[in-house]
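The structure appears right after this line, and notes come after that.
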Amino acid sequence: MSSGAGQGRIRGFIEAVTDGGIAGWAFREGDEAPLVLRLSVDGLPCADITCDAERPDVWAARADVREASGHGARLGFRAALPPSCFDGMEHRFDLLVETGESAGLATIGRPAGWIRQFSFPRIAVLGRVEPVENGALIFGWVVVVDRLEGRKRTANEVDVHSSNGTRVALTAGMRRPDVAAALGCGEDCGFRFVPPPTLSGPEGATLTFRVMPEDIDFAPHPIAIPPFVPVEPRIEPEPPPAAEPEIAATPEPLPEPAPEPELGPPPEPGPEEVPPEAAAEMPPEPDSSAAVPAADEMPDVAADIIAGTSLEDTEAAAALQADPDDPRLQFTGLPRRALFGIAAELAEKRAAVAPKPIKIPEGYYGTAVEQTVAEALDRAFYLATYRDVAEAGFDPVTHYLSAGWREGRMPAPWFDTNHYLNANPDVRDAGVNPFWHYLLSGRTEGRLPSRPGGFRRDAIESAVAPELRTADWVRPTAVLKLLNDHLERRLRITIAAAKGIVISVSHDHYLTSTGGVQLFIGDEQAAFARKGLAYLNLSPTEPDLVFAGDGCTGMMRLALDGESIGNASYEDLAAIFAGLQTRPGETRIFAVHCLLGHHLARLTALHAAFAPQANFFWLHDYSALCPGFNLLRNDVAFCGAPEESSDACLVCVYGERRAAHLAQLDAMFSAIPFTVVAPSQPALDIWQRASRLPHDRALVHPHCVLEQVSTRSRTLPAQAFGRGQNKVRIAFTGYPVNHKGWPIFLDLVRRTSHLGCYQFFHFVNPDATVPALTTVQRVDVKVAADHRDAMAAALIAHEIDIVLILAAWPETFSYVTYEALAAHADIITLPDSGNVAAVVLKEGRGIVAEEAAIMDLFESLRLVEYVRLRSAQGIPGGKLVHTGTTATLLDAEMAA
Amino acid sequence: MSARSAGRIACYTSFSYAYLSRARILVASLRRHHPDWELWALMIDEPPEGMDEAAALAEFDGVVKPADLNLTRTEAWLFKHDVVEACTAVKGAMMAHLLARGAAKVVYFDPDIAVFHPITDILEKLDTFSIALTPHQIAPNLTDAAVRDNEITSLLYGVFNLGFAAVRNDANGRDFAAWWATQLYRACYDEVASGIFTDQKYCDLVPALFDGVTVIRDPGCNVASWNLSRRAIRFDTQARLVVNGSPLKFYHFTKIGGVGDLMTERYAGANLEVFEIWQWYKRQVVAKSVPGIPKRYWHYGNFADGTPIPKEARVLFRRRADLYAYFDHPFAAGEGSYLAWLGREHPEMLIPEAAGSQAA
């Protein structure tokens, strides 16, 4: 340290002279003002520097400084060097005090007169490399500073060098306003980089980043990136020579993929080529299973992947095959063991389409990517699922690699291309083939090949409270109501001309809405009319999936004797009926079909004014147990309506409202002595197990019964089913929604189309919007009051063998079940399907099984065997006799 | 607010306002299953402008802030931590504080936990033991990927999950609380390479250092993505949630909406009940949200002038004893502040990180 003139001593230290500037600390003993130093370069003064920056380090370390400094720890300095220094030449720097005397700060601890000379490069590179996701994605920025010119260059070219010797180039031109603001440069200095597999290799690598053409490394240290682990091709045991004589022994190249005639649609014999009477005698024939390559041409699907993704099904199938008495598979009408074992020709067919081990000769596909994908892609599945590919004669591997994955097509049933890209944005951004990525590294990293949970998980994640589900329903902005005088006169005249009147309550206007319950209400009105009773139906003008709150308008649509007459409020009607006292001999009946959308307290008050002699409450659904009227917890699993305080209700979207919902029902049921009517015994059992609502009594009264009039006798010999064009005909009916099992149906179609034994149909209302499917034939059917048998007629016309009713909830009745029975079709359903399963078992008309067991029935072709056996028996059918709901119930009661 | 009485079971959770909705879910679940407990909020934050703090925290019986815990140089000490570190660094001191107030047993839950069934079994164990901890895993994983995601992660971040801890007010319990508080005051950082992970890794030592430790191996406790690989959740015939047959006591909804979603998906697989619970929690977070809290809000996340505090600035502050000694008010801005010092000495630290990063 050297002394200053006159005042206290100058003390300080030059800590650094670098291209970042000159820095240190200095003060004059006892002086309360910061010291000002003058910087000179090569003897020429160029800047004044004030020593007023906090230096807590000096302050903490030096007791002498703490004693001598007159202005605390604010004694540091840092200053940039003038641009002229950055010319690659040596320069001399002096720091002087204001008096002009050399401060001598540079000589601290060194001999007096010592002069330090420095040289700085003209070009400096500022940059940062920021790996995220363990190096799978890299952000960064780089700016080249020409310090002599004072320019900062952006949009630089960068070479990325891998430790494995490979290199790629990129341009750092992405916007980085943050860097621009901090450095005063242009914004186009950033980059975002996904290391391609070539840089990482199978063992991972480290990357360095060099700005070009200066070739200067600007990453502080090499960036590690993860490896791409190649999958070892599975070595299959040599197949028996008899099965694969040539390929196994001689790895000759496969035929050229482009024309690939053997992969195209099979030459299926037309029906005329297989006379029904001859079919049973014919040996097994080539059929659509020829659509897939012969076993020795099939690329191998790695067996461990298949086993891993369909373990549950495989286990279920194994269990079923091992134990014919498995209770998960229920049916009647056939010997129990009839389903366990299939004809030899079906077994051969099944074996022919099963994935077979095969090694693709090396070099058959040009690149490693193609080779890897080719070894795992399920060609049979691909061609069967994507008929356009098959019809165009494309090789599935080539198609998937070039276009299929970008179109979201699945290379195998267990790999969901779209899910993999959505769940792994790094893969998506890298633009690599997702299937290849999974096979190479994704699976060893624990990435999932498909979204677990399937459609049920989608349902869980989209489930919302019932009041929110109707938030976007269009509601009338104004409702015109009938004049009370007019309504009173109309009702008085109608009742006077009748033996009495029925008030029925429903959730929508049965004259304009289509559905089973609405048709039954129409039946009910007609039946009461025949008995001389007038019929007034009430439905809310604002339908809802919950009971109406106190803020509702309380307006209802009125239908009198099958005619819409206008709107009125609960109170208007209550006042009218209070003035229309019951005449002697007049019958008054109150029938509730559904309360959703109604205000229960106001409806109860109307009921009191109406003063009926009989009250009926129909269990068309389970809204008398829960706002979730089909008892599907979070729209996925039958819950059985447990205690409101249960965990199930806590986590369910319907649980929160349930206590209030039941309290409103309890008030109504306490005021009205209902006879509770279920259309089926299973529905009544569920309700009685779970309900605490007071009621008069409870009984079962079905909507319709099947009258057997004939037995189906198909011209087709039983053994012809499943051969050639004589596919087993499978139908799904109704709207394609989750709670009807539409996703299960689609899965079934997807997994079995390539077997060539089944033909799938979808019978649906013409208004329904359904994605077009090449593997499912749509049949429009409109069931209406004057076309009640339209569905049964359509099923018969299309010679449907099996109707799938995959209801996830316990149907209270299921009209389509009866329609299928009438149409000579058997039914396959799930155990929780309520009356569907009950009817199937009672009538001996199909199979009740868990989803996995149903899948196995189809895939194993044992369903074909079942249909053959059933066809040999002859399947009954007939016509449906409608009972007319409450009207016929009265008859039954009176008869009793 | 005042606590109801001493000598009872005191339960606390430590959080910032960004986690208020989660803490409210925890409180509601605790009220349902343990209505007699004292519930304390350890609030490592100050409310956003315009928020009524008393109303926001009204569901708690009491509120404690770091300044109430007799820590030395609280403000400068707090600056050394990011939000996760800060919210965990005070847990030991709070446990000691509640024991000193006379609670018979003290229970800690992370705010992102929800209780589904009473933890009576654990409380009864504390009649015999002094300290109860829950391990991340209680059954070995079976695949390489799962071992990497779970066992190896536990080796790095701690065997026990300190989203839960419970102690009895005896010598062992008090010694543990005091020891934990001391360690956390000295260094409660996310510095895994140094052998430290916030408040959690220290507790690997607890069974060795203290008597009366019970390791809770009930699969119904502290269920989370890190142990789903060996736990299956179902509804039993009484519609109760059970985990490997044991009633679900509490679920740790860690990192929901982020990596927690990914890991839950990976290990829940086809266990749909997990997704039902997970989705329920997401709905609850929305339902319990309090308006007026900006996303990722933390009062201590910025300097006084609003400049986000970069993590490097905190790390530098805690590593440099001179800086920590010199700046009593490191959150301040303006002349003579730590921020001004940073601007001169380390301007690169004030350049925001790459896209997507934020202040710590």
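We name chains A, B, ... by the order of the sequence lines, and we start the count at 1 in each one.
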Looking at [Y] and [X], is there a salt bridge between them, counting it only when a charged N and a carboxylate O are closer than 4.0 Å?
X        : Y        : answer
B:Arg319 : B:Glu191 : yes
A:Asp188 : A:Arg176 : no
B:Glu59  : B:Arg31  : no
B:Lys249 : B:Asp218 : yes
B:Asp82  : B:Lys311 : yes
A:Glu54  : A:Arg74  : yes
A:Arg62  : A:Asp57  : no

Using non-hydrogen atoms only, which part of [X] is less than 4.5 Å away from chain B: side chain, backbone, both, or neither?
X        : result
A:Ile460 : both
A:Cys652 : backbone
A:Leu650 : both
A:Val636 : side chain
A:Arg633 : both

Options [options], ranked by heavy-atom pairs under 4.5 Å with chain A, top entry:
options                                : value
B:Glu348, B:Gln238, B:Gln284, B:His117 : B:His117
B:Gly269, B:Ala268, B:Ala146, B:Ala145 : B:Gly269
B:Arg32, B:Lys282, B:Glu273            : B:Arg32
B:Arg240, B:Glu335, B:Arg283           : B:Arg283

Side chain, backbone, both or neither: which part of [X] has a heavy atom under 4.5 Å from chain A?
X        : result
B:Tyr281 : neither
B:Glu345 : both
B:Arg344 : both
B:Glu276 : both
B:Ser337 : backbone
B:Arg320 : side chain
B:Phe235 : side chain

Do we see a donor-acceptor contact under 3.5 Å between the side chains of [X] and [Y]?
X        : Y        : result
B:Asp305 : B:Thr307 : yes
A:Arg447 : A:Asn424 : yes
B:Gln137 : B:Asn227 : no

Pair B:Asp328, B:Arg73 - check salt bridge (charged side-chain N to carboxylate O under 4.0 Å, His left out), show working. CA-CA 7 Å; B:Asp328 283 328; B:Arg73 297 187 74 226; 2.6 Å; yes

Quick one: of [options], who has the most non-hydrogen atom pairs under 4.5 Å with chain B?
options                              : value
A:Arg451, A:Arg55, A:Arg78           : A:Arg78
A:Ala53, A:Ala73, A:Pro452           : A:Pro452
A:Val179, A:Val58, A:Asp52, A:Asn634 : A:Asn634

Partner residues of A:His71 under the side chain to side chain donor-acceptor pair (under 3.5 Å) criterion, sequence neighbours left out: none

